[in-house]
A.B. asks: 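Okay, here's the structure, questions in a sec.
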Amino acid sequence: MKRRNYLLFLSMIAMFVTRVAAEDGSRLWLRQTAGDSIVHISIPRQSPTLNIAAEELRKDWKGVPVELHIDKKQEKTKSAEGFCIRSGKDKIIITSRSEIGLLYGSYHLLRLQATHTLPSSESAQPIYEVPAFKLRILNHWDNLDGTVERGYAGQSLWKWDELPDKLSPRYTEYARANASIGINGTVLNNVNASPQILSEEYLQKIKTLADIFRPYGIRVFLSINFATPIVLGGLPTADPLDKDVIHWWKQKIKQIYHLIPDFGGFLVKANSEGQPGPCDYGRTHAQGANMLADALKPYKGIVMWRAFVYSPTDADRAKQAYLEFQPLNGQFHSNVIVQIKNGPVDFQPREPYSPLFGAMPQTQQMVEFQITQEYLGFSNHIAFLAPMWKEFYNFVSPTTLKAVAGVSNIGTDTNWCGHHFAQANWYAFGRLAWNPHLSSEKIADEWLKQTLYINVENTKDEVHTSLKQLMLESREAIVNYMMPLGLHHLFAWGHHYGPQPWCNIAGTRPDWMPSYYHKADEQGIGFNRSSTGSNAVMQYPDSLRQLYNNIYTCPEEYLLWFHHVPWTHTLSSGFTLWEELCKHYDHGVQQVREFQKIWNSAQNYIDSTRFVEIQSKLKIQMRDAIWWKDACLLYFQQFSKKSFPYSIEQPIHELNELQKAILPISNFECPDSKLLNAIR
Ligand code: BDP
């Protein structure tokens, strides 16, 4: 080989090696590499959105030529965002009523290619896809100082200090990733909102982001602080019926739309956890929401008004959102959507669905899921959340909801989400927001194939099957080792990472203390929400009320949510409650041991960087699972006064050692590993 050719050959190898080695997770599920042939892609016209579609296909599509067509009359895909893919022998045609539909269709085609699920051209029926929800939106809990509330993946993506002049390449990558899975809205800032977000200075920055996101079909929304007219506007009140307040909001909204003509609207956390709101002025949530909605209406903006409220009253916390919001049914204006967390308490590893869903038939509702793992081991544990969200849809039909929101798990970490597997939750959120009928297995399958393997074709079927199994079981494993059988909120106060079922801080709200929720005593454990207790069951429709109200018919996964159950009560397995509790905690630990084995067996099919990183996280998860099991079982044993079944792995910690450990309390960071190592 001539010297020049030889050098060229070496540099090609070097390029190839860097390409293979550069698996740091930054490319998410969009890892396809260019095909050799240049395929002809035709678009109906030049436009920012269509150019992106063409560029994506040119970069990654390896098949026959593709034509993109706008078809205003396309009947089957009623939504403008829907699309149809028809494949023939010599070309593929994607049609949609809109440009963004064509972009979604292009990403869909590429997904079929990457997951090896392209239908063969002869047999192929056209593929029609329509999103189930019109609004599929991420909620960022990002603060203006760059921190992220309950974020475990670094700092906020939005570099407020640099905007609007300097633009991080991540803004476009973020928009692209969202568009590839159909997410079409983003609330940029924390629901605990700073009034400054609406200042002239910030609106300019936000306009810049909106301009970057627009071609990807993503509209920008903002969380607002209800007292902004006082803080920014210098008014003496924020009373929603005050004419100066109304005028202030109208002017502010006019200013926003002048900069961002397709601005989506506001998300509001009001009279919740100390945030200001209309109730401060004797007005209702509906009056507060409607005032904003009326001001947004001329611009087609909306208000997403959160129902996450619970005041320190005697009423069971699980009942409070319903008590406060249900009577307001029918009072909200047509561009208000009440945003409700999936469960009645707060994003626990397992909750029954919130009975507020379906209880306000004359009011538009949307669900809020939490993608960030505040209550699921932060970015240290693998918790694939599609099964949890699907569980919600077993009770609440997607057709009754206007929209779906997910609290984002994205930050400045190279791999975006802290844990490589946490990317699967961002992915699953988007895919389920588009189609809630997709199975968890299908989503896991898609994500694994697109994201994880060095080479899909060379990956052994059994490895792929066990990794899928790992993902599908992962959330249930966490429920098992953290809080099985309907237990909830046993978390350490403040940061919600480790177990502290004993936590009791004098002078703190009782409904922030674990004992409020587990109520363990010598007789038994669990919160009696049946008709002989707080009667929260009353808020559910008849059929479920009867089921949940009876200790013998209540599904065991919700048993201790609805009942205070004697330690000696026999469960369907024939074991007593105490024995079952021990077995569940133990099973969770054994599941993680199994996950470690599965992961190790995948070594040859995953790049070494991500393999080792995930392996290390699994070690932490393993130690945490044992920590959770030991802490909860040793603590509850003081009440049950029973020994552990021989069949379970016996504790390796002492209770007093666990109770002495001081957990660092921070909203923003993972716990300090040195301190934790002392107890793990
Ligand atoms: C809780 C979080 C808190 C949020 C709150 C909310 O701990 O940081 O501000 O939810 O959703 O789960 O408003």
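Indexing begins at 1, ligand by ligand and atom by atom, following the structure's order.
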A.B. asks: I need the minimum non-hydrogen distance between Trp158 and Leu188, along with the two atoms involved.
C.D. replies: NE1-O, 3.0 Å
A.B. asks: Is there a nitrogen or oxygen of Asn192 sitting under 3.5 Å from a nitrogen or oxygen of ligand 1?
C.D. replies: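 Yes - when backbone and side-chain N and O of Asn192 are compared with those of ligand 1, one distance drops under 3.5 Å.
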A.B. asks: Looking at Phe308, which atoms of ligand 1 are within less than 4.0 Å of one of its heavy atoms?
C.D. replies: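 Contacts of ligand 1 toward Phe308, numbered from 1: 5 (C), 6 (C), 10 (O), 11 (O), 13 (O).
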A.B. asks: Counting heavy atoms only, which part of Tyr375 comes closer than 4.0 Å to ligand 1: side chain, backbone, both or neither?
C.D. replies: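 It is the side chain that touches ligand 1; the backbone stays farther off.
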A.B. asks: Between Gln370 and ligand 1, does any nitrogen or oxygen pair lie at a separation below 3.5 Å?
C.D. replies: no
A.B. asks: Which ligand 1 atoms does His496 reach within 4.0 Å, using its non-hydrogen atoms?
C.D. replies: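 So the atoms of ligand 1 that pass are 7 (O).
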A.B. asks: Output yes when the distance from some N or O of ligand 1 to some N or O of Glu149 is under 3.5 Å, and no in every other case.
C.D. replies: yes
A.B. asks: List for me each residue that meets side chain to side chain contact (heavy atoms under 4.5 Å, CB included) alongside Thr399, sequence neighbours excluded, and say none if there are none.
C.D. replies: Ser397
A.B. asks: For atom 11 (O) of ligand 1, which of the options His495, Gln348, Lys269, Arg306 provides the nearest non-hydrogen atom?
C.D. replies: Arg306
A.B. asks: Taking 4.0 angstrom as the limit, do Glu351 and Lys341 come out as a salt bridge?
C.D. replies: no
A.B. asks: Going by distance only, is there an N or O of Trp141 that falls short of 3.5 Å from an N or O of ligand 1?
C.D. replies: no
A.B. asks: Is it true that the side chains of Asp346 and His489 contain a donor and an acceptor less than 3.5 Å apart?
C.D. replies: no
A.B. asks: Give the numbers and elements of all ligand 1 atoms closer than 4.0 Å to a heavy atom of Lys341.
C.D. replies: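 Near Lys341, the atoms of ligand 1 are 1 (C), 5 (C), 6 (C), 10 (O), 11 (O), 12 (O).
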A.B. asks: Do the ring centers of Phe378 and Tyr497 come within less than 6.0 Å of each other?
C.D. replies: yes
A.B. asks: Do Met291 and Leu241 make a side-chain contact, defined as non-hydrogen atoms from C-beta onward lying under 4.5 Å apart?
C.D. replies: no
A.B. asks: For the pair Arg306 and Glu368, find out whether any cationic side-chain nitrogen is under 4.0 Å from an anionic carboxylate oxygen.
C.D. replies: yes
A.B. asks: I want to confirm something. Looking only at heavy atoms, which of Asp346, Val345, Val191 is nearest to atom 1 (C) of ligand 1?
C.D. replies: Asp346
